[in-house]
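Inspection log for the structure reproduced underneath, given as C-alpha cells.
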Amino acid sequence: LNILKNEITEIFVKPLILRSSPGFGKTSLLKLFTAQILRKLISYQSAHSDKNDLLKAVKSLNFIDEENKIRKVGLYIPCTNLYSNIEDVIEDEKGKNILFFALLNSRIIFEFIQTLKFILKEQNKNFNEELVEISIEDISKLPLNLKENYEKNYLSLKDFYNYAISVEKEILKYIDNFGLVDYDNSIKLSNLELYSFNLLSNSNIKYQGKNFSLDFVIMFDDLHKLTTLQRDLIYKTILNDRYNISIWITERLSILRDNSIFHGTTNNRDYINIHLEDAIRGKTNKKIFSNFLSNITKYRMNFGSNNIASFESKLSTIFEAQDIEDAIRHLQKELNIYSESIKYKQLIEEINNFCEYNFGTLLKILAISIYIERNRLNKQQTFDFVEIEKSETEESLSTLKPSAEYFSMIKCKLAYYYSYEKITRLASYNTEQFLSIASKLYEEMIARSIINKEEPLSPDLQEKIIEEYANNKWNE
C-alpha cells in the first residue's frame, strides 16, 4: 500500500500495471479494494485495533474518507479460463475479438451491478427498487444494436443489467455449441470497444438525477491467464484509447512479451508499471518483507482452531548445550596446532580463554578458524615472527560471521536451515513459497500439540522438515 501511496497522483489517471512472481499477494491486494472488504475494514476499526493501520493506509489512497464512507471501489475482474476458451471455438480473428470484448464488457457490468447491490443493501435500500433510479446518461458508446432498442438517450441500470444477461447467455450458448450458431444475429455487438469503460465513469452515472458519489477502479487480475492475442488486445486498447476511468492490472513477471504492445508508449507517461519485488528487495527493505510475512502468519494463526499462539515462537533457535560444547572443545583442540606460532598467538589465546559454551562463542571460533586458514593460504605472507594484532583482525572477523554459520553445518554437523529468519530468506521474496514451507512446519506443530508436546521445534527438526520439502519439490 505504501508503494501505491507513493504513486497516488498517477495511479488513478493512468493505467496501473502491477507485476510480481507467483504468490506475492497481487490478488489479495486487488480484493482489498472491493466493496465487501472495504466495508469489513470500516467495521473492524473499533473491535480489531490491529487492522487500524491497514484502514489508515487504505484511507491514504482515498478509497475511504475520514467519515468512513466508501469513495472509491474496485471492480474485481479475474481473467479466468472462460476467456481463453473463446479462441478454441472460433477461427476468424475478428470473431474472436468481438466475442472476447462482449464477454469482458458483460462481466464488468455484472461486477458493477453486484457492487452497487452490496452498497445499497448496506444503506438499507431495496436494490430492485433502486435499479430504475440509477441511470447511465451517455449511451453514445453503446453497441448500435442496443441503442436502437431505446428511444431515450439514457439507460436505466435495469436495462443495463438485462442487456448484460442477454449478452452472456448468447456467448455461453455460442461456446457450448462450438461456434455452430451465428453470433452476429444473437450477440448485440458489432464493434471492438470496451464500451463499459466509458459508461462507468463517475460523471456518466446518475442517481435520482444527481452525480453518483462513487469512483470506480476496474481491476483485472492475472492478465497472464489470457491468451497472447487477448492480453495484447487489452493492452493496446487501454493504452491507445485512454479511457476516463481508473484501470489496474496485475500479472506475473514471467510475461515479458511487451516490446510490440508498448511500442510508442513510455512508462510513467502513458502508464505506471510497478514490479512489487523491487519495492522490498535489498538490504534496507528485507525487514519490510519479513514483517509482511509475519503479519500473514499472525492472522492465519488467529483463524486456526489450535492453541498455538505464535508461529515464530514455535521455531527454536537454541541447540542442545552438549552439542555446542562438544563442537567448541573439538575446535579448540584442532586450532591448538597454531599455539606455537607467534603470528597467531593472540588469536589462539582468545579461543582458549572462551569460557561460555554457546552458539555465539562457536561462531567466533569458527570465524577465527576461517581467518587463520585464509591467512595461511594467502600468497602475500607476512613474517611468522610478526604477531597479528587483535585490532587488525576485528573487522575481518565481523564479516566472516555468515560464513562461520554456514561452516557450523559442514564442520560441526549442526542444522543450518532453521528459524523464522531463514525461512523468509528461503522464500526469495515469494509469499506462496514461504507459505508452502511454513505449512509443513505448522503441520508438525499441530501434531505435537495434539500429544501435548508444547516445546518449540528444534533446529534439527526444522531442517529435516525443510529438506524433505525441498526434496519433494525437486522430484515433482
With heavy-atom distances below 4.5 Å as the criterion, would you say the side chains of H224 and D222 are in contact? yes
Which residues pass the salt bridge (Lys or Arg N to Asp or Glu O under 4.0 Å) test with D221, not counting sequence neighbours? none
Please identify each residue that fulfils salt bridge (Lys or Arg N to Asp or Glu O under 4.0 Å) with K26, with sequence neighbours left out. none
Would you please name every residue forming a side chain to side chain donor-acceptor pair (under 3.5 Å) with K72, sequence neighbours left out? none
What residues, two or more places apart in sequence or in another chain, satisfy side chain to side chain donor-acceptor pair (under 3.5 Å) together with E67? none
Tell me every residue that passes salt bridge (Lys or Arg N to Asp or Glu O under 4.0 Å) with K5, counting only those two or more places apart in sequence or in another chain. none
Residues I318, F359; criterion side chain to side chain contact (heavy atoms under 4.5 Å, CB included); working and verdict: CA-CA 8 Å; I318 301 174; F359 190 60; over 6 Å; no
Tell me every residue that passes side chain to side chain donor-acceptor pair (under 3.5 Å) with E443, counting only those two or more places apart in sequence or in another chain. none
Between S449 and E454, do the side chains contain a donor N or O and an acceptor N or O under 3.5 Å apart? no
For the residue pair I70 and A35, what are the closest heavy atoms and their distance? CD1-O, 4.1 Å
Of all heavy-atom pairs linking E10 and I272, the shortest is CB-CD1, 3.7 Å
Y83: what forms a ring pair (Phe, Tyr, Trp, His ring centres under 6.0 Å) with it, not counting sequence neighbours? F100
Taking the side chain as every heavy atom from C-beta outward, state whether L441 and F311 have any atom pair closer than 4.5 Å. yes
Who pairs with E432 by salt bridge (Lys or Arg N to Asp or Glu O under 4.0 Å), at least two apart in sequence or on another chain? none
Any V217 side-chain heavy atom under 4.5 Å of V73 side chain: no
Y235/F220 aromatic ring centres below 6.0 Å: no
In this structure, is the centre-to-centre distance between the rings of Y76 and W248 below 6.0 Å? no
Restricting to side chain to side chain donor-acceptor pair (under 3.5 Å), what partner residues turn up for Y418, sequence neighbours left out? none
Side-chain polar contacts of residues 460-470 - donor-acceptor pairs under 3.5 angstrom, sequence neighbours left out - could you list them?
residue: Q462; atom: OE1; partner: S419; partner atom: N; Å: 2.7
residue: Q462; atom: NE2; partner: S316; partner atom: O; Å: 2.9
residue: Q462; atom: NE2; partner: L457; partner atom: O; Å: 2.8
residue: E463; atom: OE2; partner: Y416; partner atom: N; Å: 2.7
residue: E463; atom: OE2; partner: Y417; partner atom: N; Å: 3.1

Quick one: list whatever passes side chain to side chain contact (heavy atoms under 4.5 Å, CB included) with S313, sequence neighbours left out. S310
Stepwise, does the side chain to side chain contact (heavy atoms under 4.5 Å, CB included) test hold for R19 with R252? CA-CA 5 Å; R19 287 173 170 156; R252 292 183 181 177; over 6 Å; no
Side chain proximity check, L18 to L276, heavy atoms < 4.5 angstrom: yes
Considering all heavy atoms, the nearest P459-F319 contact: CB-CE2, 3.7 Å
What side-chain donor-acceptor pairs closer than 3.5 Å can you find for residues 107-116, not counting sequence neighbours?
residue: R107; atom: NE; partner: E168; partner atom: OE1; Å: 3.1
residue: R107; atom: NE; partner: E168; partner atom: OE2; Å: 2.8
residue: R107; atom: NH2; partner: E168; partner atom: OE2; Å: 2.7
residue: T115; atom: OG1; partner: E111; partner atom: O; Å: 2.8

How about R448 and E455: do any of their side-chain heavy atoms sit closer than 4.5 Å? yes
Can you give me the closest heavy-atom contact between F434 and A427, atom names plus distance? CB-CB, 3.5 Å
I need the minimum non-hydrogen distance between R39 and N68, along with the two atoms involved. NH1-O, 4.3 Å
Close side-chain approach of D215 and F12, heavy atoms under 4.5 Å: no
Any chance you could lay out the side chain to side chain contact (heavy atoms under 4.5 Å, CB included) test for I423 and L315, step after step, and finish with the verdict? CA-CA 10 Å; I423 297 172; L315 300 174; 3.7 Å; yes
Within the distance-only criterion (no hydrogens, no angle test), does the side chain of Q230 pair as donor or acceptor with the backbone N or O of T227 below 3.5 angstrom? yes
Minimum heavy-atom distance T250-L30, with the two atoms named: CG2-CD1, 3.5 Å
Under a 4.5 Å cut-off applied to non-hydrogen side-chain atoms, are E312 and S294 in contact? yes
Derivation and outcome, salt bridge (charged side-chain N to carboxylate O under 4.0 Å, His left out), residues E405 and K422: CA-CA 12 Å; E405 188 173 358; K422 290 278 177 58; 2.7 Å; yes
Is it the case that the side chains of K14 and N268 hold a donor-acceptor pair, with the cut-off being a distance below 3.5 Å and no angle test? no
Does the side chain of L103 come within less than 4.5 Å of L99's, by heavy atoms? no
Please report the C-alpha distance between I274 and I17 in whole Å, then the side-chain angles of each, then the deciding distance to 0.1 Å, and finally whether the side chain to side chain contact (heavy atoms under 4.5 Å, CB included) criterion is met. CA-CA 6 Å; I274 297 176; I17 304 169; over 6 Å; no
